[in-house]
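Some notes on the structure that comes next.
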Amino acid sequence: MVKVSDKYFEIFISEAEIEQEVASLASRINADHQGQEVLFLVLLNGAFMFASDLLKHITLPCSVSFVKLSSYHGGTSSSGQVKELIGLNESIEGKHVIVVEDIVDTGTTMDALIPDLTERNPASVKICTLLFKPEAFKGQFAPQYTGFNIPNAFVLGYGLDYNEQGRNLNAIYQLKKES
Ligand code: IMP
């Protein structure tokens with residue numbers, strides 16, 4: 001059990017399970033992209049640890065870029081929130097792009113990102129996420145590569161944070177159930 005910020009968390013997915021699944025995801029990506037060059041677009045901050053481990057197992061010719069989606073409040077938007085892609089300074093035209101994400105929850109982030117990428121005329125765009133919450137998902141772009149399907153509950157560790165803390169943990173933790 002760990003205390004992060006003001007809450008207690010318990011182990012949910014161990015370091016060994018993550019290692020095994022990350023290697024297996026990379027094998028699938030390698031097999032599916034034989035003869036292709038791939039651009040991995042890593043979404044900061046959450047995906048930094050997953051991407052680092054995943055890329056060690058990638059045997060394809062590839063490049064890696066790190067991007068961020070900022071949220072800001074747009075005065076006239078009905079949702080009140082607009083996400084803007086930051087850090088993509090190169091052309092992705094004609095490239096095979098794989099977005100590397102820590103978790104796909106409602107799908108809002110991917111709904112903001114994927115159309116923006118598609119407009120830039122890549123050869124293909126796919127999503128690789130370590131965690132996916134199918135019960136919470138209501139987006140238009142489901143991940144092609146998913147490490148673990150998990151229930152609709154808050155998790156942290158291995159890049160994911162709670163109040164910006166806990167990203168350094170080497171396993172995935174969930175909120176401790178009240179006893
Ligand atoms: P979505 O836009 O609802 O799919 O959520 C994606 C983003 O929300 C992720 O990139 C995370 O930053 C954050 N997020 C969603 N669920 C969790 C969670 O259980 N723990 C920590 N962060 C989460």
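Computed over heavy atoms, backbone and side chain alike; hydrogens, waters and symmetry mates excluded. Positions are given from 1, in the same order as the sequence printed here. Counting convention: from 1, in listed order, for ligands and their atoms alike.
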With a 4.5 Å heavy-atom cut-off, do Phe12 and Ile150 have their side chains touching? yes
Return yes or no for this condition: an N or O of Gly107 is under 3.5 Å from an N or O of ligand 1. yes
Of all the non-hydrogen atoms in the protein, which one sits nearest to atom 7 (C) of ligand 1, and at what distance? Thr109 OG1, 4.0 Å
Taking atom CD1 of Ile172 and atom CG of Leu131, what is their separation to the nearest 0.5 Å? 4.5 Å
Give the residue and atom name of whichever protein heavy atom lies nearest to atom 21 (C) of ligand 1, and the separation in Å to one decimal. Val155 O, 3.4 Å
What protein heavy atom sits nearest atom 12 (O) of ligand 1, and how far away is it? Asp102 OD2, 4.2 Å
Atom 16 (N) of ligand 1 - nearest protein heavy atom and its distance: Asp105 OD2, 3.0 Å
Where is the nearest protein heavy atom to atom 3 (O) of ligand 1: which residue, which atom, and how far? Thr106 OG1, 2.4 Å
Note: ligand 1 atoms sitting under 4.0 Å from heavy atoms of Asp161 are 21 (C)
Mark up the atoms of ligand 1 that fall under 4.0 Å of a heavy atom belonging to Lys133, in ascending order. 16 (N), 17 (C), 18 (C), 19 (O)
Should the pair Phe154 and Tyr162 be assigned to parallel (<30°), tilted (30 to 60°) or perpendicular (>60°) ring geometry? perpendicular
Quick one, Val100 and Leu55 - any side-chain contact, counting heavy atoms below 4.5 Å? no
Check whether any side-chain heavy atom of Ile18 lies under 4.5 Å from a side-chain heavy atom of Glu15, and answer yes or no. no
Kindly compute the distance separating CZ (Phe48) from CG (Leu43), expressed to the nearest 0.5 Å. 14.0 Å
Starting from atom 11 (C) of ligand 1, what is the nearest protein heavy atom, named by residue and atom, and what distance separates them? Ile103 CG2, 3.6 Å
With only distance considered, is Val104 within less than 3.5 Å of ligand 1 through an N or O on each side? no
Within ligand 1, which atoms have a heavy atom of Leu160 less than 4.0 Å away? 20 (N), 21 (C), 22 (N)
Distance-only side-chain donor-acceptor flag, Thr109 / Glu101, under 3.5 Å: no
In terms of relative ring orientation, are His33 and Tyr145 parallel, tilted or perpendicular, with 30° and 60° separating the classes? tilted
Subset of ligand 1 atoms that lie under 4.0 Å from at least one heavy atom of Glu101: 10 (O)
